[in-house]
Amino acid sequence: MSKVKVATVWLDGCSGCHMSLLDIDERLIALAEKIDLLYGPLVDAKVFPEWVDVTLVEGAVSSEEDLAKIRKIRAHTKILISLGDCAVTGNVPSMRDVFTVDEVLNRTYVENSDLKQLAPESVVPKLLNKVRPVHEFVNVDIFVPGCPPSADNIFYVLSELLEGRMPDLAMTARFGA
Amino acid sequence: MSPASVEIKTLKIDGRDVGAREDQTILEVALENGIYIPTLCHLEGLTEIGACRICLVEVKGTPKLLPACVTRVQEGMEVMVNSERLQNYRKVIVELLFSERNHICSVCVSNGHCDLQSMAQKLGITHISVPYRHPHMPVDASHERYINDHNRCILCTRCVRVCHEIEGAHTWDVTGRGSQAKVITDLNTAWGESDTCTSCGKCVQVCPTGALSEKGKSVSEMSKRRQFLPYLTLMREGRP
């Protein structure tokens with residue numbers, strides 16, 4: 001049987017969800033026998049593959065680059081998983097939403113900076129007005145709340161999918177866990 | 001009302017025959033009979049106000065959903081407390097509470113000890129399907145011992161009721177309407193400048209979320225102590 005193609009993506013988050021994924025520990029070996037990890041911060045691939053079966057998305061959609069990425073990923077993914085509170089709720093990155101982007105950039109690059117330089121206008125992706133959860137832009141198939149979600153929950157989700165079942169996390173996962 | 005004059009009503013809750021005093025609410029009778037109805041603004045020892053609408057139930061013969069906490073029992077009533085329709089409404093209510101203010105559970109003092117957070121889990125909510133509003137809400141840290149973070153408030157008014165009914169200070173009130181509503185101290189002055197606040201902390205302990213917390217508590221450290229409330233109510237009722 002061919003291996004299940006998996007990708008992971010890191011949008012506006014802290015990488016804690018990826019850390020939690022690694023916390024699956026030795027069970028990763030069992031998983032690795034069944035999956036091919038094709039793309040993400042844990043592998044050295046520059047371009048998102050033509051087709052993957054499962055993509056785990058960490059982080060909220062916060063910049064134009066995030067938005068372009070998530071749209072492309074959705075178009076090339078069978079099962080899209082919102083992994084963790086940033087992807088599911090906006091979480092900490094969305095705390096900037098009570099301010100305007102100009103206020104946020106000014107606070108970062110001028111008020112709190114010794115150099116008093118202006119916010120970059122090139123290279124760094126332009127911020128969206130609001131930080132939004134992934135499902136406000138594209139259809140999400142599975143939500144895994146938690147900050148970060150526990151390794152057990154991530155393992156459970158992947159194991160169920162590998163067995164051909166849709167995981168049900170309603171009773172085991174919660175916001176902020 | 002003396003016990004002799006209380007009539008007994010018989011009704012059905014989720015198909016079960018139950019008996020109740022005529023002055024009891026559907027919620028009270030359900031609890032007595034081990035039938036679970038989810039609640040948020042309800043707290044044993046405080047008056048019921050039917051604010052949160054989580055305890056809505058279906059009563060045969062009426063198209064309206066009725067809040068179990070403020071609906072008195074009636075003879076022959078047939079009550080459904082857990083239909084699919086009710087579960088859907090409850091989910092929507094909780095989702096709207098999450099979207100209305102800034103509830104970022106992961107950085108909240110009450111993370112892991114929050115009635116709203118655990119209600120979302122109980123109802124099987126894994127994400128919020130309506131857009132978040134992200135309003136600009138203030139934090140009042142002027143009190144020597146406590147903090148009021150309006151971002152976390154769900155307007156259950158437990159603080160208002162406990163302060164008025166148990167402590168007798170009536171420091172808290174509500175100003176504004178709808179999503180602009182806000183709990184305030186005295187006449188919308190800073191909590192730290194309140195003349196009526198006795199600093200007893202009852203409001204903090206009954207608050208279901210991280211809206212009211214003790215100073216010095218970090219993320220997840222604010223677990224509330226509510227054991228005192230039924231005891232105080234009992235003592236008060238026992239007075240001549």
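A note on names: the letters A, B, ... follow the listed sequences, proteins ahead of strands, and every chain is numbered from 1.
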Might you confirm whether atom NZ of Lys5(A) has over 12 heavy atoms from other residues, nucleotides or ligands at distances under 6.0 Å?
no

Surrounding CD of Glu44(B) (heavy atoms of other residues, nucleotides or ligands, distance under 6.0 Å), is the total greater than 12?
no

Inter-chain contacts: residues 200-208 of chain B against chain A, heavy atoms under 4.5 Å:
none

Can you establish whether the number of heavy atoms outside Glu111(A) located under 6.0 Å from its atom CD is more than 12?
yes

Nearest heavy-atom pair of Ile104(B) and Val92(A): which atoms, and what distance?
CG2-N, 3.9 Å

Residue pairs passing the ring-ring contact (aromatic ring centres under 6.0 Å, His included) test with at least one member in residues 40-87 of chain A, sequence neighbours excluded, are Tyr39(A)-Phe48(A)

Note: Glu136(A) and Pro131(B) closest approach over all heavy atoms is OE2-CA, 3.6 Å

Pairs flagged by ring-ring contact (aromatic ring centres under 6.0 Å, His included) wherever residues 27-57 of chain B is involved - sequence neighbours left out:
none

How about NZ on Lys126(A), more than 12 heavy atoms from neighbouring residues, nucleotides or ligands closer than 6.0 Å, or not?
no

For a quick test of reading the model, state the closest non-hydrogen atom pair linking His136(B) to Val98(A) and the distance between them.
CD2-O, 3.1 Å

Verify the neighbour count for atom OH of Tyr156(A): are there more than 12 heavy atoms of other residues, nucleotides or ligands below 6.0 Å?
yes

Toward chain B: residues of residues 168-175 of chain A with heavy atoms under 4.5 Å
Ala170(A), Met171(A), Thr172(A), Ala173(A), Arg174(A), Phe175(A)

I'd like to know if the side chain of Ser106(B) pairs up with that of Asp85(A) as donor and acceptor (distance under 3.5 Å, no hydrogens or angles considered).
no

Less than 4.5 Å to any heavy atom of chain A: does that hold for the side chain of Leu123(B), its backbone, both, or neither?
neither

Rounded to the nearest 0.5 Å, what's the gap from NE2 on His134(B) to NZ on Lys130(A)? Could you check?
7.0 Å

Can you confirm whether more than 12 heavy atoms, excluding those of Gln117(A), are under 6.0 Å from its CD atom?
yes

Return the option, out of Ile125(B), Val107(B), Ile128(B), Val219(B), with the maximum number of heavy-atom pairs under 4.5 Å with chain A.
Ile128(B)

